[in-house]
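Sequence positions, counted from 1, serve as the residue numbers for this chain. FYI, side chains are in, hydrogens and waters are out, and symmetry mates aren't considered; it's all heavy atoms of this structure.
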Amino acid sequence: MQKNKINLRSFLHYKFLNSLFLGVSVGSIFTLYAPLEPSVYSLGGIVLALGMLFVAKLYHKILTLGYFFAILALVEAVILLAVLYFLLFSYSYTSAFLFYASYQFTFIFGSYLMRAETLFLKKRELLSLVDVAKQKGYLTGMLLSYLFYQLLEFAFAIANKEEQVYAMHFLLLFVQMLILYFLVKSFKRNKE
């Protein structure tokens, strides 16, 4: 018997903000990863594939609502820690590597999270609402990112790409905290 259900309204906010984060951050990845050698990406791809294989072999145990929430929370916490680390320690080989490793770690759960989302939402209409929220979030994030960089360059005369990306991470920190808030709200027990 399932004690909890997903609060759809909060989950839609979560998915919108999650995709908004992606849209805002996607342009900064190239600047953040600049210190890394190409071989790191090859090794990261191998670790990603092995990690995804391991997670797939656990589906029989982890395709539950409790694990779905726990893994989502873990993924979002890792991203929050990566953003905080970058804001505290800025640019270095270590921060680039940790950021890359953090994202690779979260991608390990990508297939699982999509399958679990489909399993727990079940209805086509709900899946459609989630995908629309994700696309709206991504598009809004890309637009917000563009406007933010333009504002920094033309209103504040910050043309250095590293300074722009660093400033963007304050916005990402705020968005990530909202993401965690709506994630928790999405899985709170309904009082019936």
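- The closest donor-acceptor contact from the side chain of Gln164 to the backbone of Leu152 lies at 3.5 Å or more, if one exists at all.
- Shown here are the side chain to side chain contact (heavy atoms under 4.5 Å, CB included) partners of His169, two or more places apart in sequence or in another chain: Ser28, Leu32, Val83, Phe86, Leu87, Phe99, Val165, Leu172.
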Run Met177 and Val175 through side chain to side chain contact (heavy atoms under 4.5 Å, CB included) and show every step you take. CA-CA 5 Å; Met177 288 190 290; Val175 171; over 6 Å; no
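- Checking side-chain atoms of Ser186 against main-chain N and O of Phe11 turns up a donor-acceptor pair under 3.5 Å.
- Checking each of Leu129, Ile6, Leu126 against Leu12 for a side-chain contact (heavy atoms from CB on, under 4.5 Å) leaves exactly one that passes, namely Leu129.
- Panel note: side chain Ser145, backbone Gly141; no donor-acceptor pair is recorded below 3.5 Å.
- With no hydrogens or angles considered, no side-chain donor-acceptor pair links Glu117 and Tyr112 at under 3.5 Å.
- Put simply, the side chain of Gln176 gets close to the backbone of Glu76: a donor and an acceptor are under 3.5 Å apart.
- Taking CG from Leu74 and OG1 from Thr106, the interatomic distance works out to 9.5 Å, rounded to the nearest 0.5 Å.
- In this structure, Leu50 is not a member of the same hydrophobic cluster as Ile71, with clusters built from ILVMFWY side-chain heavy atoms closer than 4.5 Å.
- Proximity of a side-chain donor or acceptor of Tyr91 to a complementary backbone N or O of Glu162 within less than 3.5 Å is detected.
- With sequence neighbours left out, Leu98 forms a side chain to side chain contact (heavy atoms under 4.5 Å, CB included) with Tyr85, Thr94.
- Judged by distance alone, with hydrogens and angles left aside, the side-chain atoms of Ser95 form a donor-acceptor pair with the main-chain N or O of Ser92 at under 3.5 Å.
- Within 6.0 Å of the OH atom in Tyr146, the count of heavy atoms belonging to other residues, nucleotides or ligands does not exceed 12.
- Remark: Thr64 OG1 to Leu119 CG distance equals 9.5 Å, nearest 0.5 Å.
- When Tyr14, Phe182, Phe69, Tyr67 are each tested for a ring-ring contact (aromatic ring centres under 6.0 Å, His included) with Phe187, only one passes: Phe69.
- The hydrophobic clustering, which links ILVMFWY residues whose side-chain heavy atoms are closer than 4.5 Å, places Val47 and Phe109 apart.
- For Tyr181, the OH atom is loosely surrounded, since the number of other residues' heavy atoms within 6.0 Å does not exceed 12.
- Within a 6.0 Å sphere centred on CZ of Phe174, heavy atoms belonging to other residues, nucleotides or ligands number 12 at most.
- Separating the CD atom in Glu163 from the OH atom in Tyr166 is a distance of 11.0 Å, to the nearest 0.5 Å.
- Distance check: Asn18 CG to His13 NE2 gives 14.5 Å after rounding to the nearest 0.5 Å.
- Rounding to the nearest 0.5 Å places OG of Ser10 at 14.0 Å from NZ of Lys15.
- Between the side chain of Ser128 and the backbone N or O of Arg124 there is no donor-acceptor pair closer than 3.5 Å.
- Crowding of Tyr103 atom OH: a count of heavy atoms from other residues, nucleotides or ligands under 6.0 Å exceeding 12.
- The structure places CG of Leu173 at 6.5 Å from CG of Leu80, a figure rounded to the nearest 0.5 Å.
- Residues Thr118 and Leu127 approach most closely at CA-CD2, 3.7 Å, considering heavy atoms.
- Of all the heavy atoms in Met142 and Gly23, the pair that sits closest is SD-O, 3.2 Å.
- Around the NZ atom of Lys134, the shell of radius 6.0 Å holds more than 12 heavy atoms that belong to other residues, nucleotides or ligands.
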